[in-house]
Amino acid sequence: ACFVFKDVTEGEIIDEYSNFKNWDQAMVFLFRLATGEDWNKVMYDCMRTEEDGCIRGKTCGTPYAPLFFISFVVICSFIMLNMFILVILEIFENMFVDKDSPMSIYKLQAEHFAELWGTRPTSHGGYKIRDKLLVDFFKELARPL
């Protein structure tokens with residue numbers, strides 16, 4: 001946004017504090033837009049062209065501003081929706097899932113596997129195990145495998 005809209009310094013919403021002049025102001029401004037606050041008015045401020053009677057260096061933007069702002073808002077909304085669903089699923093898992101559920105058993109087995117793997121020699125950065133040690137490793141794993 002800093003490279004495309006840096007020349008837009010005035011508008012209905014864009015002013016000396018809310019603009020894309022530098023990276024810091026642009027990040028704060030984009031965070032504000034990600035909340036849904038007047039993003040469409042900022043889009044209209046940034047899409048003025050010379051045919052619309054803009055002042056070069058102050059209010060002239062690009063006709064591709066809707067592409068940027070609509071995709072930005074859609075992506076931010078998608079991320080926020082996924083975070084909201086994640087919180088709901090985490091609370092559900094912590095409160096209502098039995099300890100005997102397949103996911104709980106898998107989590108315990110994965111932790112046990114990681115503990116056993118960590119006790120092995122760490123040649124090759126801990127990614128490989130010698131074939132002679134593999135049989136002993138599988139014998140130490142808890143059942144069912």
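All residue numbers in this chain count up from 1 along the given sequence. Keep in mind that what you see is a predicted model, and the values were worked out from it rather than measured.
- To the nearest 0.5 Å, atoms CD1 (Ile70) and CD1 (Ile75) are separated by 12.0 Å.
- Closest approach of Ala65 to Met47, counting heavy atoms only: CB-CB, 3.8 Å.
- For the pair Asn19 and Phe29, the minimum side-chain heavy-atom distance is 4.5 Å or more.
- With rounding to the nearest 0.5 Å, the separation of CD in Gln109 from NZ in Lys107 is 13.0 Å.
- Distance check: Phe31 CZ to Thr35 OG1 gives 7.0 Å after rounding to the nearest 0.5 Å.
- Heavy-atom minimum distance, Phe69 versus Leu33: CE2-CD1, 3.7 Å.
- Residue Val74 is grouped with residue Phe72 when hydrophobic side chains (ILVMFWY) are merged at heavy-atom distances under 4.5 angstrom, including chains of intermediate members.
- The cluster map of Ile, Leu, Val, Met, Phe, Trp and Tyr, joined by side-chain heavy atoms under 4.5 Å apart, puts Leu81 and Val87 in different clusters.
- Gly36 and Trp39 make their closest contact through O-CD1, 3.8 Å (heavy atoms, listed as atom of the first residue, atom of the second, distance).
- Cys46 places a side-chain heavy atom less than 4.5 Å from the side chain of Phe20.
- Of the possible donor and acceptor atoms, none in the side chain of Ser18 sits under 3.5 Å from a partner among the backbone N and O of Asp15.
- Separation of atoms CG (Leu86) and CE (Met83) is listed at 8.0 Å; rounding is to 0.5 Å.
- Using a distance-only test at 3.5 Å, with no hydrogens or angles considered, a donor-acceptor pair links the side chain of Asn22 to the main chain of Gln25.
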